[in-house]
2 protein chains.
Amino acid sequence: MDTTHSPETPHAYLRKAARREMIAEAARRIIAEKGVEGLRTRDVAERAAINISTLHFHVKSKAALIALVAETSRDAFLALLPPDPDPAGDPRAQLRAEAQVYHDSLRDRPDLSVCFARLALAAPDNPAVAAMIAEFTGQWADRFRQILAKGRDRGIFRADMDPLAAALMLSGALTAFGRSATPVLRFYWPVFDEAERGLLAPGQGGGDTTEPRG
Amino acid sequence: MDTTHSPETPHAYLRKAARREMIAEAARRIIAEKGVEGLRTRDVAERAAINISTLHFHVKSKAALIALVAETSRDAFLALLPPDPDPAGDPRAQLRAEAQVYHDSLRDRPDLSVCFARLALAAPDNPAVAAMIAEFTGQWADRFRQILAKGRDRGIFRADMDPLAAALMLSGALTAFGRSATPVLRFYWPVFDEAERGLLAPGQGGGDTTEPRG
DNA sequence: CCATAAATCAATCATATGATTGATTCTTGA
DNA sequence: TCAAGAATCAATCATATGATTGATTTATGG
């Protein structure tokens, strides 16, 4: 038995951090395509163009691999978010900016949102992942809540508007667009606009905030 | 090797239909608990208290098992729905009735909604299941749209309200509550009430529709 | 009562899959 | 230059898992 080492292509020796990034991206794409249940370490290794043993050298186990995907996906999402809502800024524009960021992430990085949705439901096996995702989505909804509360106090939104309930409504309605394997965004802005009309105080309607949209 | 047949408990011979129902329920509960990726034919057989061979006798394959779960879950959902919206009825009450039914299903049959959410994301492996779920959710959103359009024409909802967008907003916001493994309904009615306030035409607010709630 | 079909099960197969082992190749610092 | 560590891979293991086979048991119609 000849066990000499003669790969088709030369070795591409990389540092742990770089290799882990490649592995994470390969795994995230597979999860986005086939779901968590369709994740196979062999497939990840193949897509990352490394041997299965090399994968296990960098990532101890499949559970660790899923956790890695969850963490890197969250960080990638965080990097896309707009700066923290400015208390002095225009609440309406800020609300739309949040929606714009999520819209663009659905359009340009569907792997992120789809992977997130899948991981959130794959929770039972991985409580740590579930907790991390719950924390993230909770923080995101809280950004909406802060903006809404500020806008209500300024008379831009309805005085009888409940900021928390409205934030949950908005985040729920928008994240619904990220639940299909290939997001369809045709009704994204109509839904957001409808929600905004319902939030505005009487007499505040009509003004277009001239955002870039998508 | 002694291959005599001497089970611990006597056989419980059942007809195909009855056995398939038991199998479907066992599988649905496992999917609700562990997700589609955690579904094992052995576990289903064990929970249904039958042999793995008996399971395969009644359900050809694992894919067929998942399809069976999807169909029976949909039928169970349909059985819970209120009668078709009455064109002559009160749109506000009808809207709330739809929300009430979904609320109660989340409270009383979380396995149905959780299983549905999991199946929707497990789609890639099973296009037929994905199509069936997409059709069902589409029909559900269309019930909202019809009610909203009728209410707008009667002046109960805002004249500038977009029935389709509002329907997607509502169904998206409400189904968000069914996305966690164990639905938390604390904010269900606050979210619905907030959405309703945003939909009502000026001067229509305040009137309580005295529904049972949850 | 019995022959036939339906339903059930123990045992087994074939493959998939996560993980490990030990040898090999590359990198790096002195 | 070279020793030590880091990174990679081929081969293999141990188990999980979907599915099948053939014998056995129960139900049913005549």
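Every chain is numbered from 1, with letters handed out A, B, ... down the list of sequences. These values consider heavy atoms only, across backbone and side chains, with no hydrogens, waters or symmetry-generated copies.
Of the two residues near DNA chain C, B:S53 and B:A17, the one whose nearest nucleotide lies more 5' is B:A17. Both A:D43 and A:N51 sit near DNA chain C, but only A:D43 has its closest nucleotide nearer the 5' end.
We find that NE2 of B:H58 is positioned 9 Å from C1' of C:dA6, with the value rounded to whole Å. Here the C1' atom of nucleotide D:dT25 and the CD1 atom of B:I50 are 16 Å apart, to the nearest Å. Distance B:I52 CD1 to D:dT20 C1': 11 Å, rounded to the nearest Å. Atom CD of B:E46 is separated from atom P of C:dA10 by 13 Å (rounded to the nearest Å). At whole-Å resolution of the value, NZ in B:K16 and P in C:dA5 are 15 Å apart. Computed from coordinates, the A:K34 NZ to C:dA16 P distance equals 13 Å when rounded to whole Å. The distance from atom CD1 of B:I30 to atom C1' of D:dT17 is 14 Å, rounded to the nearest whole Å. Between the CD atom of A:E37 and the C1' atom of C:dT17 there is a distance of 15 Å, rounded to whole Å.
Relative to the side chain of B:T41, the nucleotides D:dA11, D:dG18, C:dG18 differ in distance, and D:dG18 lies closest. Distances from the side chain of B:H56 to the nucleotides D:dA7, D:dT20, C:dT8 place D:dT20 closest. Nearest to the side-chain atoms of B:K62 among the listed nucleotides D:dA11, C:dA7, D:dG18 stands D:dG18. Listed nucleotides C:dA6, D:dA19, D:dA7 differ in distance to A:F57; the shortest reach to its side chain belongs to D:dA7. Out of C:dA16, D:dT8, D:dT17, the shortest distance to the side chain of A:R40 is found at C:dA16.
A salt bridge links A:R197 with A:E194: at least one charged nitrogen is closer than 4.0 Å to a carboxylate oxygen. Under a 4.0 Å N-O distance rule, the pair A:E196/A:R92 qualifies as a salt bridge.
Contact annotation: A:T54 reaches the phosphate of D:dC9 (side-chain N/O to OP1 or OP2, under 4.0 Å). Close to D:dA6, at under 4.0 Å from its OP1 or OP2, lies no side-chain N or O of A:R19.
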task = Go through the steps to decide whether B:R47 and B:E33 satisfy the test salt bridge (Lys or Arg N to Asp or Glu O under 4.0 Å), and finish with yes or no.
result = CA-CA 13 Å; B:R47 187 165 302 204; B:E33 289 172 15; 3.1 Å; yes
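Ring pair A:Y102/A:Y188 is tilted by interplanar angle, where 30° to 60° counts as tilted.
Around atom NZ of B:K150, no more than 12 heavy atoms belonging to other residues, nucleotides or ligands sit under 6.0 Å away.
Using a 4.0 Å heavy-atom cutoff across all strands shown, B:L39 reaches sugar-phosphate atoms only and no base atom.
Counting distance only, with no hydrogens placed and no angle test, the side-chain atoms of B:R42 and the base atoms of D:dG18 include a donor-acceptor pair under 3.5 Å.
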